[in-house]
Amino acid sequence: MTLTDSEMDYIEQMLGRSPNELEEGMLDIMFSEHCSYKSSRPILGLFPTEGKNIILGPGDDAGMVAITDKLALAVGIESHNHPSAIEPYGGAGTGIGGILRDIISMGAMPIALLDSLRFGPLEDQKSRYLFEHVVKGISDYGNRVGVPTVGGEVEFDESFRTNPLVNVMCAGIVEKDNIVKGIAPNVGDVFLLMGGLTGRDGIHGVTFASEELTSDSEIEDRPAVQVGDPFTKKKVLEASLEILENIDVAGVKDLGGGGLTCCISELVDKCGNGALVDLNSIPLREEGMTPYEVMLSESQERMVFVINPKYVDEAFAICDKYELPRAIIGEVTDTKLMVVEDPTKKDVNGDNKIIASMPAVLLADPPSLNREIRAPKKADNYVAVENSPIDQSILKILSSPNIATKKWVYKQYDHEVQVRTVVKPGDDAAVLKIDDENAVVLSCDCNSIHTKLSPYDGGAGSVAEAIRNVVSMGAEPYAVVDCLNFGNPENPEILWQFKQCVKGMADLAEKFETPVISGNVSFYNETEGIKINPSPTVGVIGVADLNNIRTMEFKNEGDKILIIGATYDEIDGSEYHRAVHDLEQGEAPKIRIDNEIKSSKSILKLLANDNGEFNSVENISNNTVTAIHDCSAGGIAIALSEMAISSGIGAEIDLSNIPIENSEDIDDNNLLFSESHGRYIVTVKSDELENVLDYIDVPCACIGEVKGNSLKIRGNDNNINIFVNDLKDAYNGVIEQFMA
């Protein structure tokens, strides 16, 4: 049990008595950090949640954003960190299963998965094992249910050695008129449980996720990891969509963390209703299960539909068609109580024995905590570095697993199933075709080092980078989802870190008019005092005209290369510091929100006035803007290298033309590797250069030309020349060598 003494006092006051064993177990999971958000709720209120194009913000299984006059996109993001640390294949697979169910619960057809993954160094055998089996778990599950995994990110850092992070984002399409919610508004409606059978797996999964891992967790906590079944999930997906198409469903909710207890109590509490659950009607996978096990089980592939009793036969027929177990397990009442009864036992009056009875609100809305918050002391041992030759540093950074190609990961994913994927993995963001004119663009980003060093700027910067990736593809950003991964919130310094990060994210989202519509908080990512770098994973949803889509690779020799946005002397927290000098120190790059917005709007303005068609042989030559790539990890040097690698064409660059704010004196090394925000590398036709420069409302300059077979950089004190083939050799095959 994880209930505190004060929580038990509160419960006894609300009940007017002590809870029995079953009730205490149900309350225990609902009061867990994972279900109740008791430490984070007071802080999450900082996020903007409403705005243009937003249909539904936080509070349901997924957020909803309008993408056309007729269609909406359901988007959610979840973590499965602790389970993946214990059982990486199953933990990652059930993470995919859970987020898919969240999207189905909104009435939407899932169309895309993205994953954000973090592991210890690849030199470590255990980290390689976790990495290999998490990727395989995601691949096997996503591929088998027919939903493409189209993007994501991977980071390797010492802080994740014992606490890998597995965050999964999913998006699905639904007609606006067909959106459903996780509610039970009508007294007398019944609960239809369908899908997988209820077993003993996953019991106390949410309490396990609300505690620190220990060296014994791999053995002791394994039963808390759920067992996924992608083949059943495929049938559940199809049957669910058919039920929603043919039956007037009042509400839907998946059974994830907290199992039946969480699902039923939240359904009814949202409408001020109650529930009566018949324990004996629940289809079981194992014999002899206790009421405690049944109500706390987190067995996968289960859904609950709230329907009028007159639709039961029709719903059963659909489930039978897909050979899925189904049962009516209770009904909506007007009592405001969550009641569980066992018809196999009788009370003194001969009625079915009530084995649990509590206010639904007590389960669904536990009180939040106002924990102590305290800023940590800043480390003052700053290490001065001696810069290596720039060409050597570029090659070393390109061969860092954090920068090198992630082809080893995404080649295992079926990213083209459903035939919507317009841009394959490896670019700044995923692009999926919606109709003949429109596409949705999805990104998933985080900078854990920046957030560790400067939580406000790191949090805001993670949102900014995800937005830049969407804008780089030619899309207007509409909304944000997030998965906030931190250490133990009982530590006042961790909670300060969390609050500063959320404030930075909220400030940027507010000014960008990209509300936060859904999210997840994962605390307790520590093992015996070893903390992860704080990791705010940010997903951004953008919408684009298909003709405005651009990709990062250089297109034509002779195109001019522009940089949009100013560069500052901000080398701390950079991939250069980590990969070349093995350092995480100093202050992260500052977020300058107004400049960030102006840079992005300049890109979108350029594209709105461009000509031609995306990927059209006949018309691509009409495009003024030929390539776009955001400038982030690794700075200008790595952004240019990636554009050259992806195209096989070189470039000649003059560093003296790079806009530098306040005329700072920045040496060539820091100019190339600084990770200042708000910057894009853009290529344009040479004869349109002056017209393009007139469109840009922020510092901008032509810094070179697409040319030749090498990356040539002329600086104040350096003349660098690296053949594109050498860039490719450094960039390719890095992860493959570790995983061979």
Side-chain angles (χ1 to χ4, degrees), residues 61-62 74 76 78 80 90 93-110 140-142 144-147 170 172 180 182 184 189-203 205 225-247 249-264 266-267 277-286 289 293-307 311-330:
D61 284 340
E78 283 286 348
H80 233 226
T94 51
I96 296 288
I99 196 66
L100 286 171
R101 288 195 307 274
D102 285 342
I103 299 305
I104 298 167
S105 295
M106 308 306 298
M109 172 64 190
D140 284 357
Y141 205 105
R144 287 170 183 168
V145 297
V147 180
C170 187
V180 290
D189 278 359
V190 294
F191 300 114
L192 166 68
L193 172 64
M194 58 86 83
L197 295 170
T198 299
R200 289 189 171 95
D201 56 315
I203 294 173
V225 180
Q226 307 92 336
V227 178
D229 179 359
F231 296 110
T232 299
K233 169 53 57 58
K234 176 70 171 173
K235 294 193 292 183
V236 168
L237 189 159
E238 293 173 354
S240 295
L241 294 177
E242 190 166 331
I243 288 172
L244 291 167
E245 183 179 353
N246 291 284
I247 294 174
V249 172
V252 189
K253 195 166 181 64
D254 79 298
L255 272 77
L260 282 165
T261 297
C262 181
C263 175
I264 301 296
E266 289 186 351
L267 279 167
V277 176
D278 176 358
L279 185 82
N280 203 43
S281 66
I282 298 166
L284 304 179
R285 189 194 313 141
E286 304 171 54
M289 290 183 66
E293 291 172 328
V294 173
M295 293 305 297
L296 272 63
S297 168
E298 295 179 16
S299 294
Q300 295 289 285
E301 329 310 351
R302 298 180 297 165
M303 303 282 291
V304 167
F305 291 80
V306 185
I307 59 174
Y311 297 126
V312 168
D313 289 343
E314 189 176 354
F316 275 14
I318 294 172
C319 294
D320 293 344
K321 171 183 171 183
Y322 290 95
E323 300 179 330
L324 290 171
R326 76 297 189 272
I328 300 301
I329 63 165

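Just so it is clear, the model here is predicted, and its values are computed rather than measured.
- Y311 has its side chain out of reach of N246: every pair of non-hydrogen atoms, C-beta onward, lies at least 4.5 Å apart.
- Considering only heavy atoms from C-beta on, R101 stays 4.5 Å or farther from K253 through its side chain.
- Between atom CD1 of residue I96 and atom CD of residue E78 there is a gap of 11.5 Å, rounded to the nearest 0.5 Å.
- Minimum heavy-atom separation, V236 to G195: CG2-CA, 3.7 Å.
- Heavy atoms only, all atoms of each residue included: G95 and H80 are closest at N-ND1, 3.4 Å.
- For M303 against S240, the heavy-atom pair with the smallest separation is CG-OG, 4.1 Å.
- Of the inter-residue distances, the one linking I307 atom CD1 with D189 atom CG reads 8.0 Å to the nearest 0.5 angstrom.
- In this structure, P110 and I104 have side chains that are in contact, with non-hydrogen atoms separated by less than 4.5 Å.
- Atom CG of residue D102 and atom CG of residue D254 lie 4.5 Å apart, to the nearest 0.5 angstrom.
- Considering all non-hydrogen atoms of both residues, M194 and C319 come closest at CB-SG, 3.8 Å.
- Here the shortest heavy-atom pairing between G196 and T232 reads N-CG2, 4.2 Å.
- T261 places no side-chain N or O within donor-acceptor distance of the main-chain N or O of L296, the cut-off being under 3.5 Å.
- With sequence neighbours excluded, the residues satisfying side chain to side chain donor-acceptor pair (under 3.5 Å) with Y322 are E242.
- The side chain to side chain donor-acceptor pair (under 3.5 Å) with T198 is formed by just one residue from the set R302, E286, R285; it is R302.
- Taking 4.5 Å as the limit, some side-chain heavy atom of P283 sits within range of a side-chain heavy atom of L193.
- Rounding to the nearest 0.5 Å places CD1 of I328 at 11.0 Å from CG of D278.
- Looking only at side-chain heavy atoms (C-beta outward), Y141 and L100 come within less than 4.5 Å of each other.
- Every side chain to side chain donor-acceptor pair (under 3.5 Å) that S105 has, sequence neighbours left out, goes to D61.
- In this structure, L260 CG and L267 CG are separated by 10.5 Å, a value rounded to the nearest 0.5 Å.
- With contacts defined as side-chain heavy-atom distances shorter than 4.5 Å, the pair V249/I243 qualifies.
- Contact record, T94 with Q300: O-OE1, 3.4 Å, taken as the closest heavy-atom pair.
- Here NZ of K234 is found 13.5 Å from CZ of R144. Values are rounded to the nearest 0.5 Å.
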